[in-house]
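Structure first, commentary second.
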Amino acid sequence: MIYHQNHLQLSNGNKLPKIFFFDMDGTLYLGDILIDGSVQFLNMLKNAGIKRVFLSNNSSKNRKDYYLKLKRMGFEVKVDEIFTSLNATILKMKRENIKKIFPLGTPSFEEELRENDFILTDKDPEVVLLGFDKSLTYEKIEKAYRFLKGGKRYIATHPDILCPTEDGFIPDIGCFISMFEKCTSRLPEIVGKPNIEMITNILNHYSIDRNDAVMVGDRLYTDMRMAVDAKVISVLVLSGETKIEDYEKSNLDVDIVCDSVKDLFTVFPL
Ligand SMILES: [Mg+2]
C-alpha cells in the first residue's frame, strides 16, 4: 500500500530514475527473511539497465560478507554494487591522504582496510577509526582512550545506536561513541548514513544528477535524513523499524511512503 506520493520530477526526461540506493536490512530483507518482491524489483532494475547500490552502515561486515549474503538470498549482485560505511570512510581517508590507523573493528573490517593499503598500528596512528567492533576488548578501549586524550583525529564509520538482528536489537557503534564521549568529552567525525557523502560520492563518480537518484530505506534518522539532505528522491518503506505513526510524528517530508519495496512496481512502472 502507498500512503503518500509526491509528484516526481526526474531530470532525464524519462519515466525512470538512473540509480537506486537501497538500504538492506529492513528494506530488502529482515535478518534472513526476504521481503516479498525485493529480488524481483532488483532484477527488474538490472534488466532495465538502471544502476543499483546496496548501502549498509554496518561496518562489522565487509562488502564481501554482504555479497555472499545477498547471493545466498537469491539476489543477482556484483561486489562493487555494495557500499558500506567503511567503504565511504576508506574513500574519505584516501582523499585526505591518511595512512596509519588505529582500528576498533572486526577481523573483516581490518581485512578490508589492509586490502586498501592502510597501515594498522597502535604506534603513533594518524587516526583512531571506530567501527562496529563486535570484537572490542578492554585493551583496545584503553589504547583508544589514550590516543583520543592525546588529541589524535577521531573518525567513526556510522552513528547507529542499535542494530537489528533476527533476535531483536543489539548495541551498535553509537553506544561505543557514548562511552568514549563520557571518558574523553570527544565526539567523532561520522561518515556513514545520514552523512550525504555516502551517496554524493557515488553520484559524482557516475555523473548522475541527484534528481535521477532514489534512496529506499526503512530508518528515519539515517536513510531518510540522508535522502532528504542529499535532495534525492526519498522512499520510506514500512517493512523495517518505522511505523506510519513514527513517520507522521517526525519532521521529515519524504517523497514516497509505502509498505514495502513491492509497492515500487506501481511507483516506477516499466
Ligand atoms: Mg534498515
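Indexing begins at 1, ligand by ligand and atom by atom, following the structure's order. All figures in this text were calculated on a predicted structure; none of them were measured in a lab.
In this structure, R219 does not pair ionically with D23, as no charged nitrogen and carboxylate oxygen lie closer than 4.0 Å. Salt-bridge annotation for E197 and R95: present, with a side-chain N of the basic residue lying under 4.0 Å from a carboxylate O of the acidic one. The residues K61 and E112 are annotated as not salt-bridged, no charged nitrogen and carboxylate oxygen being separated by less than 4.0 angstrom. Using a cutoff of 4.0 Å between basic side-chain nitrogens and carboxylate oxygens, K71 and E76 are not scored as salt-bridged.
Atoms of the protein (N, O or S only) found under 2.8 Å from the Mg ion (ligand 1) are D23 OD2, D25 O, D218 OD1.
Residues D212 and L10 are in side-chain contact: their nearest non-hydrogen atoms beyond the backbone lie under 4.5 Å apart.
Taking the six-membered ring for Trp and thresholds of 30 and 60 degrees, F20 and F41 have ring planes more than 60 degrees apart, a perpendicular arrangement.
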